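Scroll down for the structure; my scribbles are underneath it.
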Amino acid sequence: MNYWLFKTEPDECSIDDFARAPTTPIVWEGVRNYQARNFLRDNVAIGDQVFIYHSSCKDIGIAGIARVVKAAYPDPSQFDNHSRYFDSKATGQKPRWVAVDLQFVSKMSQLIRLDKLKNLATLIELPLVRKGNRLSVMPVTCAQWLTIMALSQPA
DNA sequence: GCCAACGTTGGC
DNA sequence: GCCAACGTTGGC
């Protein structure tokens, strides 16, 4: 089993949306970056655990955990010309982008803020805390995962 | 709202 | 295949 961190803008899809429908798979669509797509397509597998990270918002940080319940399949939004994720160059025969399905696991007891993550020596290799990094789907090592989980324990 | 850093596009 | 211009990301 592998560990991941997925970024999301909470206005669009937040951990509370997951928590509200804990048994419903959520379609993780709209990834439009090749490096992120390749992780989704080639490495994200059923059963993997995912940190849900809130970006571009007031409270930035890791908000909760989800689990992969369906591996990569063609992202339906690329074919929908009413979607902001529509891609005119994608066809049914040659889809460009993939989605996975996630299901709620838990909310962090409190949000793990970005500035806190930046201060941890164990995480210096994590793309999230590297200057200028914009990767929206990134692998998390087991050691990094455990470090972050330790932060979520009540004080 | 600003802007640094990055990824993508397209002309050559 | 280079690289300038452009658009986007995302923290501040």
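The model shown is predicted, which means the values in this text are computed figures rather than measured ones. So that the names make sense, note that chain A is the first sequence line, chain B the second, and so on, each numbered from 1.
- The distance from atom SG of Cys142(A) to atom CD of Gln49(A), rounded to the nearest 0.5 Å, is 11.0 Å.
- Rounded to an integer number of Å, the gap from Phe6(A) CZ to dG10(C) P is 14 Å.
- Rounded to whole angstrom, the span from the CD atom of Glu9(A) across to the C1' atom of dG10(C) amounts to 8 Å.
- Whole-Å rounding puts the Arg96(A) CZ to dT9(B) C1' distance at 11 Å.
- The phosphate of dT9(B) (OP1 or OP2) has no side-chain N or O of Tyr34(A) nearer than 4.0 angstrom.
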Check your understanding: Checking salt bridge (charged side-chain N to carboxylate O under 4.0 Å, His left out) for the pair Asp87(A)/Arg32(A): CA distance, chi angles, key distance, verdict?
Key -> CA-CA 9 Å; Asp87(A) 184 339; Arg32(A) 293 294 180 270; 5.3 Å; no
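- The side chain of Lys7(A) contributes an N or O atom lying less than 4.0 Å from OP1 or OP2 of dG10(C).
- Among Ile62(A), Ile26(A), Ile65(A), Leu102(A), the single residue meeting the side-chain contact (heavy atoms from CB on, under 4.5 Å) criterion with Ile52(A) is Leu102(A).
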Nucleotide N/O of nucleotides 2-6 of chain C paired with protein N/O under 3.5 Å:
none

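- Atom CH2 of Trp97(A) is separated from atom C1' of dT8(B) by 10 Å (rounded to the nearest Å).
- In the region residues 116-128 of chain A, proximity to DNA chain B at under 4.0 angstrom, judged on heavy atoms, holds for none of the residues.
- Atom-to-atom, CG of Leu114(A) to C1' of dC12(C) comes out at 11 Å; the value is rounded to the nearest Å.
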Exercise for review: Tell me, with the steps shown, if Asp75(A) and Arg37(A) meet salt bridge (charged side-chain N to carboxylate O under 4.0 Å, His left out).
Suggested key: CA-CA 10 Å; Asp75(A) 179 343; Arg37(A) 179 206 63 184; over 6 Å; no
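- If you measure from atom NZ of Lys58(A) to atom C1' of dG10(C), you get 17 Å, rounded to the nearest angstrom.
- Each of Lys89(A) and Asn33(A) was assigned the nucleotide of DNA chain B with the nearest heavy atom; the assignment lying further toward the 5' end belongs to Asn33(A).
- In this structure, Tyr53(A) atom OH and dG11(C) atom P are separated by 4 Å, rounded to whole Å.
- From Leu151(A), atom CG reaches atom CG of Leu117(A) across 7.0 Å, with rounding to the nearest 0.5 Å.
- A donor-acceptor pair is defined here as one N or O able to donate and one able to accept, closer than 3.5 Å; no such pair exists between the side chain of Asn133(A) and the backbone of Val129(A).
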Review point. Between Gln35(A) and Asn38(A), is a side-chain contact (heavy atoms from CB on, under 4.5 Å) present by the stated rule, with each step listed?
Key: CA-CA 5 Å; Gln35(A) 198 184 350; Asn38(A) 293 347; 5.7 Å; no
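- The CD atom of Gln35(A) sits 16 Å away from the C1' atom of dT8(C) (whole-angstrom rounding).
- Side-chain contact of Thr141(A) with Gln144(A): a donor-acceptor pair under 3.5 Å is present, judged by distance alone.
- Taking CG from Leu114(A) and CG from Leu128(A), the interatomic distance works out to 6.0 Å, rounded to the nearest 0.5 Å.
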